[in-house]
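Inspection log for the structure reproduced underneath, given as structure tokens.
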Amino acid sequence: GYAKCGSFLEAQRVFEKLSARNIVSWNAMINRFAEYGYGEMALQWFERMQCDDISPDAVTLTSSLKACASIVDGVRSQEIHGYIVKIGIWDHDVFFGSSFVDIYAKCSWIADMYHVFQTSVVRDVVTWNAFISGLLEVGQHERALNSLDQMRHEGLCPNAGTFIALLKVCSCIGAPFRGECIHTEIVKEGLLEQDAHVGSILVDAYVKCGLFTEAQSVFEMLPARDVISWNALLAGYAEHMPGEEILQHFKRMKFEGIAPDSITYSCILKACSNLGAFNEGCELHKEIVTRGLMDSEVKNALIDMYSKCRAIDDAQHVFEQSRMTS
RNA sequence: GAAUUGCAGUUCUA
């Protein structure tokens, strides 16, 4: 329904008028709020539904768990966990396992995360992906990287999400060799063509492991480059390549028709601040205003840039504007 | 019968 288009007001209006509010319409509302990050709102709808004497089904519960995850609400997750076990549907849905692994990891409830994972009789690739991300979250890097072999041992085939999770681990511990192995696997599976997320995380991982040449060559071979893969590369330039080269790449990005976002500008401003490139910095400032991309991170980057360029007045100006609005 | 479910991509910061 309307909720899928992100128009909540419209969705709510339609919902209130629905004569036949069935569980599907409730679930759709809850999940949409959760999906757009309104976790608290989603849980309110969850409670409202129960007040209406409709008992939640597996879809309601996983949607509500998504809401819990988005606001990292471990306590309410536990209540739902207890309810699922109590009414005896734990083994009916693989989704429960991955939801709870994910949430307990986000809460850093390590024992609970392990317990859920180990007692899930049915595990699928998403359960494993959530587990790998969880292991990263709690600092169990080796174990996370070993998971690939283990899940294959269970007869499961890794997907894009698996490799994304694994590459994040490599970035975190700076393990370029492991990253290269994963890169090989990704190519073998043909995932670079199928999934845009994989390409950008691969560029990002090489950047973060300090293999900048590799990052560049992956980037150039991507079938499609979006603002996120561009940002990953530009962040690498800002970090590792002190020089004006980054400005050329920024031009090329715009020339290719990719609209920069506030993260892009933060990266370029960082480079300008290292270069002491005041004129370029001013140009960027104007562009940011024109494009309406001023947010608090960009403001910090601007203040930093102006300070490094010894333009204290300009820095102060941005600073005072940010105090006015926040 | 159909419509509603789980993990995962880029900057800075605590």
Side-chain angles (χ1 to χ4, degrees), chain A residues 1 3-4 11 15 20-32 34-35 42 49 56-70 92-103 105-106 116-117 120 123-137 158-169 171 191 195-205 207-208 215 219 222 225-239 258 260-271 273 293 295-305:
Chain A
K4 248 193 183 149
F15 183 90
R21 289 179 196 172
N22 57 17
I23 189 148
V24 173
S25 40
W26 280 102
N27 291 349
M29 287 304 296
I30 294 170
N31 192 50
R32 235 35 74 191
E35 189 172 17
M49 165 182 163
D57 66 3
V59 176
T60 322
L61 295 166
T62 42
S63 296
S64 305
L65 288 169
K66 189 191 182 82
C68 290
S70 77
H92 295 191
D93 202 329
V94 219
F95 290 14
F96 293 143
S98 47
S99 297
F100 285 110
V101 168
D102 175 49
I103 291 166
K106 284 180 176 141
V116 170
F117 183 77
S120 296
R123 290 198 282 248
D124 69 1
V125 59
V126 177
T127 324
W128 274 98
N129 294 352
F131 188 55
I132 295 169
S133 306
L135 290 170
L136 171 61
E137 196 99 22
N159 64 11
T162 317
F163 292 115
I164 289 168
L166 291 169
L167 284 169
K168 284 192 135 184
V169 179
S171 309
L191 282 171
D195 193 299
H197 297 190
V198 175
S200 44
I201 191 79
L202 193 53
V203 171
D204 176 61
V207 163
K208 293 204 170 116
F219 178 81
L222 291 181
R225 290 180 274 276
D226 64 6
V227 61
I228 296 188
S229 46
W230 267 106
N231 288 349
L233 183 80
L234 292 173
Y237 272 100
E239 186 73 35
I258 308 296
D261 64 8
S262 63
I263 294 182
T264 318
Y265 281 105
S266 300
C267 295
I268 311 292
L269 283 169
K270 183 175 177 180
S273 117
L293 292 174
D295 63 17
S296 61
E297 287 158 18
V298 172
K299 277 175 195 158
N300 288 337
L302 274 170
I303 292 168
D304 191 58
M305 183 275 296

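Just so it is clear: chains get the letters A, B, ... in the order the sequence lines come, proteins before strands, and each one is counted from 1.
- Residues W26(A) and N22(A) have side chains not in contact (no heavy-atom distance under 4.5 Å, counting atoms from C-beta outward).
- D93(A) meets the side-chain hydrogen bond (donor to acceptor under 3.5 Å, both in side chains) test with no other residue; sequence neighbours excluded.
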Going 5' to 3' through nucleotides 6-12 of chain B and flagging B where a protein heavy-atom sits under 4.0 Å of the base, S where only the sugar-phosphate is that close, and - otherwise, we get BBBBBBB

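- By the 30° and 60° cut-offs, the orientation of the rings of W230(A) relative to F219(A) is perpendicular.
- Residues meeting the salt bridge (Lys or Arg N to Asp or Glu O under 4.0 Å) test with D57(A), sequence neighbours left out: none.
- Remark: K168(A) engages no residue in a salt bridge (Lys or Arg N to Asp or Glu O under 4.0 Å) (not counting sequence neighbours).
- With sequence neighbours excluded, no residue forms a side-chain hydrogen bond (donor to acceptor under 3.5 Å, both in side chains) with R225(A).
- Remark: P of rU4(B) and CG of L61(A) are 18 Å apart, rounded to the nearest angstrom.
- Counting only Watson-Crick or G-U wobble pairs whose defining distances are both under 3.5 Å, RNA chain B contains no stem of 3 or more consecutive pairs.
- A salt bridge links K270(A) with E239(A): at least one charged nitrogen is closer than 4.0 Å to a carboxylate oxygen.
- Side chain of N31(A) to main chain of A34(A): no donor-acceptor pair is present (N/O by atom type, distance under 3.5 Å, no hydrogens or angles).
- Rounded to a whole Å, the CG atom of N22(A) is 12 Å from the C1' atom of rA2(B).
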